[in-house]
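First up is the structure itself, then whatever we jot down about it.
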Protein chains: 2
Amino acid sequence: MKRSERLVAMTHFILDRPRELISLPYFSSKYEAAKSSISEDLGIIHKMFQHEGIGYLETVPGAAGGVKYIPAYSKTYSDSFVHQLCERLEDPERLLPGGYLFMSDILGDPEATRNIGRLFASAFSNREIDAIMTVATKGIPLAYAVASYLNAPVVIARRDPKVTEGSTVSINYVSGSTRKIQTMVLTKRSLKKGAKVCIIDDFMKAGGTINGMSNLLKEFEAEVAGIGVLAEAEDEEEERVVQDYISLVQIVNADDRRGTIEVRPGNLIDHI
Amino acid sequence: MKRSERLVAMTHFILDRPRELISLPYFSSKYEAAKSSISEDLGIIHKMFQHEGIGYLETVPGAAGGVKYIPAYSKTYSDSFVHQLCERLEDPERLLPGGYLFMSDILGDPEATRNIGRLFASAFSNREIDAIMTVATKGIPLAYAVASYLNAPVVIARRDPKVTEGSTVSINYVSGSTRKIQTMVLTKRSLKKGAKVCIIDDFMKAGGTINGMSNLLKEFEAEVAGIGVLAEAEDEEEERVVQDYISLVQIVNADDRRGTIEVRPGNLIDHI
């Protein structure tokens, strides 16, 4: 196999396995090439990943070492995506009663969800994360997108237990904005004690749902390693029960009666 | 930029945009290279994608032409994944009351869901598909995985309407195995008339839920372009209300009282 051919195959192989340690001897035998050639190839790939702003190869030294692709999207890439998203969201037709925003088209677009996942994975890239958690339904595509770049499993809390889940742990929580008492359940076998969990959701008003997920994690003796929301309603800041989180965008002055809305970049960009 | 460097960048760029037409002049200006060099690069990429069994580059001739990456995973790749999955599922500990199977760990594993998505995308690769549809909750990660390789949006039917959806269309349907009447809703703005829709779900017993989705599509004057399920319960074949579908695996003789279960490859492999 020529170097040019090997680079195509290796680039695919590496991109397909984010945060997975791959040893030099593995590459060497897979592509039937000397370790020195593989080393040079990895140098080229590392340089080009940085050039393209999609991350880098981390080298782990020693006998059990190798390389890991760490997805870390550049500030330029992130900035441009967040600004496009703000523009796309700042459309009065999206306003729904109660200050909610129609976002199902964006959440249904696999390219957009992939990009959102990349940005959160980049913001959380130096934290230790064992699992991604969300609550059904809208946060699910985002949780998977983040998980695929952080190479961690997804656990999904539900508002209703299902027979196909096996036994579950449930908690009651108070929704921050409506003050209604709600229930959230998570399958017993889904999380290990001490797991470091990243919570992902699509929308946060006062933060009651996210707070509910944090409380559910306590029942599992797991800990919150990070919180990421696609959109936060900025007007609710005073009542907010969640403090340390990362948001992609902030919705300001959403008023369905007047038909006005303003969408600004959230604090994610400061974490990249 | 050297050819070796350009190949790394182009491989990433192409893999990131399945089924998207990219013109030669676009590559040429992006990477500041002659069209003849880009053509050679694409030749190498095409050859290596086939060599790796991950698909091919389709060339669209003419002034508005270019290349498209069509993800089409090889029979070898698909066979090996399906057999591994059967082994992983054939564990009596997974048995739940009613002949259901615990699969949340597999559905929560982003690498597994990506692989499942690839296999369905390969099986449906020569069909025209405008959207992927599923019903909340468990089918969602699979629907997104398929969607990302088919470059189509996802629409999610729910069992309960939510305020953040806007106005919805709802239908009642009879669950095939339990004979209970259930409701399913889909947001009005989510599908265009005449859309060709691929239905994806995690599990099919008698097929009532999938049949419900087909009926919901009729309300939107959309049509079913394909049906894919991760696992089908083979024992229900006689009562089945859905005929033309693709399954990854077949669950045979699941008996939670005796603790026996057998999992076989489904018919997907015949479509690759």
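Note: hydrogens, waters and symmetry copies are ignored here, and every other heavy atom, side chains too, is used. Just so it is clear: chains get the letters A, B, ... in the order the sequence lines come, proteins before strands, and each one is counted from 1.
Neither the backbone nor the side chain of B:A143 has a heavy atom closer than 4.5 Å to any heavy atom of chain A. The contact between B:D16 and chain A is made by backbone and side chain atoms together, counting heavy-atom distances below 4.5 Å. Looking at B:M10, neither its backbone nor its side chain comes within 4.5 Å of chain A, counting heavy atoms on both sides. Looking at B:E20, the atoms closer than 4.5 Å to chain A (heavy atoms on both sides) all sit in the side chain, from C-beta outward.
Contacts with chain B were tallied for A:P153, A:A131, A:A112; A:P153 has the most, counting heavy-atom pairs under 4.5 Å. Each of A:R17, A:E111, A:M1 has some count of heavy-atom pairs under 4.5 Å with chain B, and the biggest count is that of A:M1. With respect to chain A, the highest number of heavy-atom pairs below 4.5 Å among B:P141, B:A145, B:S190 belongs to B:P141. Ranked by heavy-atom pairs under 4.5 Å with chain B, the list A:I140, A:N151, A:V155 is led by A:I140. Per-residue counts of heavy-atom pairs under 4.5 Å with chain B were compared for A:L107, A:I132, A:I156; the largest is that of A:L107.
The two residues B:T113 and B:L142 come nearest to each other via the heavy atoms CG2-CD2, 4.1 Å. Nearest heavy-atom pair, A:S148 versus B:P110, reported as atom, atom and distance to 0.1 Å: CA-CB, 3.9 Å.
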Report, one line per pair, each donor and acceptor closer than 3.5 Å where one atom sits in a side chain of residues 42-53 of chain B; sequence neighbours left out.
{"residue": "B:H46", "atom": "ND1", "partner": "B:L57", "partner atom": "N", "Å": "3.1"}
{"residue": "B:H46", "atom": "ND1", "partner": "B:L57", "partner atom": "O", "Å": "3.4"}
{"residue": "B:H46", "atom": "NE2", "partner": "B:Q50", "partner atom": "OE1", "Å": "3.2"}
{"residue": "B:K47", "atom": "NZ", "partner": "A:E5", "partner atom": "OE2", "Å": "2.4"}

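Shown are B:L21, B:I22, B:I14; of these, the side-chain contact (heavy atoms from CB on, under 4.5 Å) with B:K68 is made only by B:L21.
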Pair B:T209-B:R159, side-chain contact (heavy atoms from CB on, under 4.5 Å): steps then yes or no: CA-CA 11 Å; B:T209 306; B:R159 304 200 202 251; 4.1 Å; yes

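Along residues 182-189 of chain A, the residues that come nearer than 4.5 angstrom to chain B, judged on non-hydrogen atoms, are A:T187, A:R189 in order of number.
B:Y73 and B:R118 form a side-chain donor-acceptor contact under 3.5 Å, judged by distance and modelled atom types alone.
To the nearest 0.5 Å, atom CG of residue A:L89 and atom CD of residue A:Q84 are 11.5 Å apart.
With contacts defined as side-chain heavy-atom distances shorter than 4.5 Å, the pair A:V197/A:D130 does not qualify.
Other residues, nucleotides and ligands contribute over 12 non-hydrogen atoms within 6.0 Å of the NZ atom of B:K30.
The closest donor-acceptor contact from the side chain of B:S39 to the backbone of B:S36 lies at 3.5 Å or more, if one exists at all.
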